Each structure stands twice: as C-alpha cells, then as structure tokens.
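Residue numbers begin at 1 in each chain, while the letters A, B, ... track the order of the sequences. Because the structure is a prediction, the values reported are computed rather than measured.
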2 protein chains.
Amino acid sequence: MPAYDPSAFPQFAVTVDLVLLTVRDGELCALVVKRGGTPYKGRWALPGGFVREKEGLRDAAVRELREETGLRLRDVHIEQLATYGDPKRDPRMRVVTVAWLVLAPDLPTPVAGTDAAAAKWEPVDVLLSEERLAFDHETILSEGVERARSKLEYSSVATSFCPDEFTVGELRDVYETVWGVELDPRNFHRKVTGTRDLLIETGRTTTRGGGRPARLYQSGVAMLNPPILRP
Amino acid sequence: MPAYDPSAFPQFAVTVDLVLLTVRDGELCALVVKRGGTPYKGRWALPGGFVREKEGLRDAAVRELREETGLRLRDVHIEQLATYGDPKRDPRMRVVTVAWLVLAPDLPTPVAGTDAAAAKWEPVDVLLSEERLAFDHETILSEGVERARSKLEYSSVATSFCPDEFTVGELRDVYETVWGVELDPRNFHRKVTGTRDLLIETGRTTTRGGGRPARLYQSGVAMLNPPILRP
DNA sequence: GCAAAAGTGTTACCCTTACACCCATGT
DNA sequence: ACATGGGTGTAAGGGTAACACTTTTGC
C-alpha cells in the first residue's frame, strides 16, 4: 500500500483537551492549568496536549487525565465532547483539538501530576464570566458544562461525581449543584431508589451528613430511556 | 509569534465525513459513494474529503455537502457527530476524521455533483448489515443513525426530513420510519400541533396523501426541554 | 429533648394512551 | 356511496409534585 504524498494536503497538529468537572463545596468546578509558554502565557487553560504518533484519541485523553490528575479510567466517566478546528484558534499553526468531557468525584488533592506549572479547581461560573481562558477554551468549557447538565436528565452520570459509596442525599446535592435548583428530598429519594439498576445498596450506612443514618449505595449500570430526573 | 517546529509533534491529515440521512419510500436511507481509488477501491463509503489549509471544520463539511449533493445549508440540518482517529483506521497514514450528521429532505435527484464516481441512497439497515463499507464508516454510520433516532425525541429535527411545506401525516411518517414503530395518528396530531413553535401553519392545504385535505405547515423553531415525542 | 436529615404515605393534578367519532376530499 | 386519511372529544391510567408524617441518629 503506497503512502500518501505528504505535500498533497494540509498537515494538522491534533490535540486533546479535557473538560474535567467535579462538584466541590456546592459548586460545579473545572480543572484549569496555568500556561507556562506562549501563546497565552500565564493564562488559565483546560488541561490537554498533543496526540502521539500511534495513539488513539481516547487513549490520548486518558493519558492526559492520568498525567494531570492521577485519576484512572475506572474512577471517572469520560466521553467525547466535540472537536474544534477554527483555522485561527491557535495563532502559531493549524491545530485541531478533540475535547473530552470527564466527570470525576471530588479529589483530596486538586492535582497529583506536575505536567503543568500550576493547576486548580475553579467554579465554572467564575471561569465563564471572567473570559480569561486561553484559546477557545471558554467555548469548549461552556459546551462541556451544557452537555453535563443535560446528561444528568436521562442518564446515570450524576453518580460519577460521587465517591465510590454515597448516600441519596449526596447524590441529590450533585443534581442541585449542577442544575442550580432545589429538589424535593422526599420525591428525589423515591425516584432514584425506585429506578431499576441505578443504585446498588451496599448494606452499610453513614451519619456523615448528620441526622438519621443514611443508606450507602454504589453506582448501578442504568442508562435508561425515560428521563431519570427533570427539574 | 514564532511558528512551531513541525517536526516537534506528529502530523495528521484531517478529513470530514458526512452521515447524510433522508427518508425515502418509508425507509431511512444514507448517501454512499463508490470509492475510485485505493484503499477500499470499489467499496461504498460515506461522502467526505480533506479539510483545506485555511478552512473551518464546519465549512469543510458544508462544502462537501454542496459538492456531493448540491444541497445548500438552508435546506438541511447539520451538526457535528463525533471524531474518529484510530491510528490504523486508514492503512496509508494517520487520518483523523470529523463526522457530521446531516438530515435532509428526500431529493429529486440522488446526486447533483460529480465528485465521486458513483453515488446512491441506500437503506441504513442494508448498509449496516452487509458490513461492506470502507474504513470505519460502518461505526460512524451506526452512531449517526443512533444520534438521529434519539434526537427526534427531544428536538424538532424531524422536520428537517420534510420538504419546505408538509402535512402532519408526512411528519408522522418520518417518526415512524426512523423509529420503526407505528404511532397513533390522532394523538400524534394533537401533540405536534399543540407543541408551541414546532409548526407554523401556512394556511394552505393539500390532498396529495389522499383523503380529507390536510393543512400544510412549515418548520418552526422549537428546541424544547420536555421530549416532543416518545414511542 | 431537640435539631437535622432519612425515609414513607397520601392526594391532587397533568399528561399520555386508547379509541369512539365526525370531517372533507377523490373516485 | 364509500374509501381514505384529517382532525376532535373523552375517559381511564400512570407518573409527578406537594406536603403531612414517622424514623433514627448526634448533641
């Protein structure tokens, strides 16, 4: 099989960027890293990097995730978000970036890896209103947040924001934070416990939230057609 | 602003591919073109091509759409589907392709352009069961069809399959064909005519379907939260 | 005991579903 | 007249939303 003539069509650099979301202190937060080099030096940006020669796109996203946060695949939900390739999105050359949406539980340490000069969790409201993100990352973050919000409705991804074992009240906090609404605790409880394959009871309980001990659950395998919840 | 050293990271070719769907004769069909060159010579493939040097991804998709079908942007619904970049998806070199989902009304002539040696509309059921498509296009088509099916539920994209003016019965045919189900004509009628901003009445009627004259509508601008329809 | 959160029961309301029925045209 | 699809009315059933009420802990 003959190879293409490389001069026959344009050459692109391909990167992956992560919209890595978590719920911290009642706020939906994204991980951002401070850029060490040009362009946008010193500005905050989404974590990401170049796809390697013989690396799949998803593999590249998972590798960046591990390098930037130490998170492993089994801890998080990851899905492709969208691809951005405006000819002018990087002033130096033509770069197409494949963005990935990652939903993770709150992490003890914000960042484990040291690939970037600095990293932090920041509320998405702040990031989106300040308009200080590098490149077109504000657009990417915005679409990632929108995707996350709508996915809570008809899938079980909300549990990806929770630790391995969690209570119904903690799961409700996720919905309330991501959607910015208040939900009726009683109806919420009935709904999620009544949805088949959404939650797996562990038999254990906890009183970490105060009040009567709450049953602890693990994430089930539900990905149901009818909306799981709607505000 | 200094340019990158092009040898510092891998070079990719970037293409766009179209999952171009329409409803013909009660079947959901996709446009496929016969490949003239290697690899997969003579096999059917999704229409697509290389993104140009200074061309946006969406612009490239719209250009391919016009070249392959003569369709203009205002005639169709177009949205980004997903990006595929397995290192081995093209045996010659590293190619990342951005796939676009296009929903179009049934066309008088299958193909207007002549960029490809041959082109045809083929039922997606046939394409997906024969396993004869080039590259990873069966996966791409499959995910495009799945996206189209789920989008009918909570958006008004079904009208994109209809001509400029259409009846409620014709719109129902779209749902029944794409979903492969039968819907109650009376309840369907009530539902779509009762959904605000989904349909715009033209004042005209037609008897082209036989029976009592049906009111003709144009597509509205609805993109509503609650599912418009569910089987 | 009291506050706080978990969890259960009950009822009104709404939306969907199923189907009886009438309408307006072509043949 | 009658077949065909368009369109309206209506009643039963399931799910949601609102909220009264009980349970079980920590302090």
Give the rounded distance in Å between these two atoms: [atom1] of [X] and [atom2] of [N].
X	N	atom1	atom2	result
B:Leu171	D:dG5	CG	C1'	16 Å
A:Glu182	D:dA18	CD	P	12 Å
B:Asp184	D:dT10	CG	P	17 Å
A:Leu216	D:dT25	CG	C1'	14 Å
A:Arg212	D:dC21	CZ	C1'	12 Å
A:Lys191	D:dA18	NZ	C1'	15 Å
B:Tyr217	D:dG6	OH	P	11 Å
A:Leu183	D:dA18	CG	P	11 Å

Counting only side-chain heavy atoms from C-beta out, which of [options] sits nearest to [X]?
X	options	answer
B:Thr207	D:dT25, D:dC19, C:dG26	C:dG26
A:Asn187	D:dG6, C:dA18, D:dC19	D:dC19
B:Pro213	D:dG6, D:dT25, C:dT25	C:dT25

_5'-most by nearest nucleotide on DNA chain C - B:Arg190 or A:Gly209_ = A:Gly209

Taking the side chain as everything from C-beta on, heavy atoms only, tell me whether [X] gets closer than 4.5 Å to [Y].
X	Y	result
A:Arg132	A:Arg43	yes
B:Phe161	B:Leu28	yes
A:Glu138	A:Leu128	yes

*Looking across every strand, which nucleic acid part, if any, lies under 4.0 Å from B:Arg172 by heavy atom: base, sugar-phosphate, or nothing?*
sugar-phosphate

*Indicate, with a heavy-atom threshold strictly under 4.0 Å, whether A:Arg186 touches base, sugar-phosphate, or nothing.*
base

_Can you see if the side chain of B:His189 gets near the phosphate of D:dG6 - specifically, an N or O under 4.0 Å from OP1 or OP2?_
no

*Taking atom OG1 of A:Thr177 and atom CZ of A:Arg172, what is their separation to the nearest 0.5 Å?*
10.5 Å

_Just to verify, which of B:Thr139, B:Thr97, B:Asp136 counts as forming a side-chain hydrogen bond (donor to acceptor under 3.5 Å, both in side chains) with B:Arg89?_
B:Asp136

